[in-house]
Amino acid sequence: EVIVDFIKLEHSLFDYLKCEILDSGEIKAYVERLVIEDEEIDEENEDLNCIILSKAVKKNPSITVDEYLSEQINLDIEPADIKQILYNLKQKLKVLQKEKEFEFFENKLHTNVTGYVKKYNNNDYIISFPEGEGILKKNKILPNDIIKSNTYIKLYVEDVRQGDNNQVFFSRIHPNFVKELLISEIPEISEHLIEIKSIARDFGSKTKIAVNSNTSYLNAKKCCIGENGNKIKNVIKEISGEKIDIVSWDSDITQFIVNAFFPYNIIEIIKKKENDYIVIIDDEDFKKAMGRNGQNIKLIKRLCGLKKIQLMTEKEKSDNYKKHVETLLSNLIKQLEIEEMMAHLLINEGMDTSEVIANSSIETISSLDGFNEEIAEILIDRAKEYIENEKNIFKKEMIENKLDVSLFDISCLSIFKIKHLIENSINSKTLLSFLDTDELEAIFENTEEFINTDEAEMIIRQSRNISQ
């Protein structure tokens, strides 16, 4: 093919030229033409891909219609031509090799392979295979890895790129490297009796893997660990002693969180909002459950697919609640000019801020023990008056300082929310409209007025002037 390509450059008429290189090194060139009936085409329109029978039998008496007539062509190839052909041949072989290499590694993408460590070059390990080579960068190896040249090593095929120079990149720190090791070491996983549901890895230190049994007779966790940990030992050895925690997956997120913290004693799990939980734990287990620098919490959060897990002891929960109630009491007493006893009654019934009271009906408040319609009406009026005054004072200050006051156009934003948004550099409707619900919820995390998804959607809709 390379020789044909070369000759075509000099002899464009030979569209059907074929070549072969004999063992002796001689190059043989010939054309093959289909033999057709004389009536099918006249001699003038004849081309190199066909020849009429009357002409073909003169060259080969035994040939018949629909056979191919092969005619050798004398080649006069100069030494310079041979060098050019050789160069073209090498280039073609390189292209074919790259195509073969890309095809092989593309089929291995996101799986584990075993390669030969050829050499260490410029902070990269060159890993060799019969089908080609790839790169293991120094920042993709484990802290405890000892990698020597002329040895074999297991790797995860992280990326395969095609171009003028194909590039294959390996990793030993990718979470799925451990996953693939488990698949290769534990038959029940490779046979789909056990499913790996999620994985969280702090490479070089610890990996947590959630597993679930697809059959009623298998305990997924015990099966993966094996008797005396024999099934998991090879995996741990391969990742240079990195710890592995096998966790029983559960469709109930609360139970899944409990399983992920095992063996620590969980007392209570409180859902603050979607994907945001408070976990109350035994005082004695707190430090271990948190892990060094919060590592265990971070891994569990990723394993369970949560945005946040806040770990606290029973005492912390109690202290936090007392502080929260004290703040609410102080605010209601000051803002509504009421006695402490009445403020306690309102808080116990969930009427814990002026905003909640201002947006409540007379019927709702008057139905509470110790309240009537007259008191309810007074409380609602005072709450509205307080909110309006606060807004006006703050808005006036902003106008005097020539600041944007467009946030005040959003009716569902309390004065607290407006102030908090401004503190977080969201100081206009335009900037607020650029946020999505998750971003807005995150801004109000751990505040007295954290918002849920529905509230966030309403605020963003108003900022974009979208009616419900």
What pairs with Y152 under ring-ring contact (aromatic ring centres under 6.0 Å, His included), at least two apart in sequence or on another chain?
Y116

Could you walk me through whether D66 and T64 pass the side-chain hydrogen bond (donor to acceptor under 3.5 Å, both in side chains) check?
CA-CA 7 Å; D66 292 335; T64 61; over 6 Å; no

Within the structure provided, determine whether [X] and [Y] are in side-chain contact (heavy-atom separation under 4.5 Å).
| X | Y | result |
| --- | --- | --- |
| K308 | D276 | yes |
| I189 | I196 | yes |
| I257 | Y277 | yes |
| D409 | K429 | yes |
| L299 | D202 | yes |
| F261 | N296 | yes |
| L136 | I141 | yes |
| I278 | M312 | yes |

Salt bridge or not for [X] and [Y], using N-O below 4.0 Å?
| X | Y | result |
| --- | --- | --- |
| E71 | R33 | yes |
| K222 | E227 | no |
| R161 | D159 | yes |
| E188 | K231 | yes |
| K108 | E106 | no |
| K315 | D319 | yes |

Locate the shortest heavy-atom distance separating [X] from [Y]; write the atom from each residue and the value.
| X | Y | result |
| --- | --- | --- |
| A260 | L303 | CB-CD2, 4.4 Å |
| I246 | K221 | O-CE, 3.1 Å |
| N112 | L181 | ND2-N, 3.5 Å |
| A200 | R302 | CB-CB, 3.9 Å |
| K271 | E274 | NZ-OE1, 3.4 Å |
| F408 | K391 | CE2-O, 3.5 Å |

Spatial distance of atom [atom1] ([X]) from atom [atom2] ([Y]) [nearest 0.5 Å]:
| X | Y | atom1 | atom2 | result |
| --- | --- | --- | --- | --- |
| H420 | L413 | NE2 | CG | 12.0 Å |
| I280 | S318 | CD1 | OG | 10.5 Å |
| L435 | S463 | CG | OG | 7.5 Å |
| D124 | K140 | CG | NZ | 12.0 Å |
| N219 | S248 | CG | OG | 6.0 Å |
| F434 | L440 | CZ | CG | 14.5 Å |

The test is salt bridge (charged side-chain N to carboxylate O under 4.0 Å, His left out); show your working for K208 and D245 and say whether it passes.
CA-CA 5 Å; K208 283 184 176 285; D245 285 351; 3.0 Å; yes

Taking D285 for its side chain and N265 for its backbone only, find out whether a donor-acceptor pair lies under 3.5 Å.
yes

D250 side chain to D252 backbone, donor-acceptor under 3.5 Å:
yes

Take atom CG of N293 as the centre, draw a 6.0 Å sphere, and report whether it contains more than 12 heavy atoms from other residues, nucleotides or ligands.
no

Applying side chain to side chain contact (heavy atoms under 4.5 Å, CB included) between N427 and each of I422, L432, I418, report the one that passes.
I422

Have a look at E238 and tell me which of R172, K154, K233 forms a side chain to side chain donor-acceptor pair (under 3.5 Å) with it.
R172

Give the C-alpha distance, both sets of side-chain angles, the deciding distance and a yes or no for salt bridge (charged side-chain N to carboxylate O under 4.0 Å, His left out) between K317 and E268.
CA-CA 11 Å; K317 178 192 172 187; E268 183 184 5; 2.5 Å; yes

Show your working on side-chain hydrogen bond (donor to acceptor under 3.5 Å, both in side chains) between E397 and N401 and close with a plain yes or no.
CA-CA 6 Å; E397 289 176 358; N401 289 300; over 6 Å; no

From F129, F177, Y125, residue fulfilling ring-ring contact (aromatic ring centres under 6.0 Å, His included) relative to F170:
F129

Between E242 and S205, a side-chain donor and acceptor under 3.5 Å
no

Quick one: do the E195 and N212 side chains pair a donor with an acceptor below 3.5 Å?
no

Chi angles and distances behind the salt bridge (charged side-chain N to carboxylate O under 4.0 Å, His left out) call for K118, E133:
CA-CA 9 Å; K118 185 177 179 181; E133 293 183 348; 2.5 Å; yes

Could you tell me which residues satisfy side-chain hydrogen bond (donor to acceptor under 3.5 Å, both in side chains) with S428, sequence neighbours excluded, listed by chain and number?
none

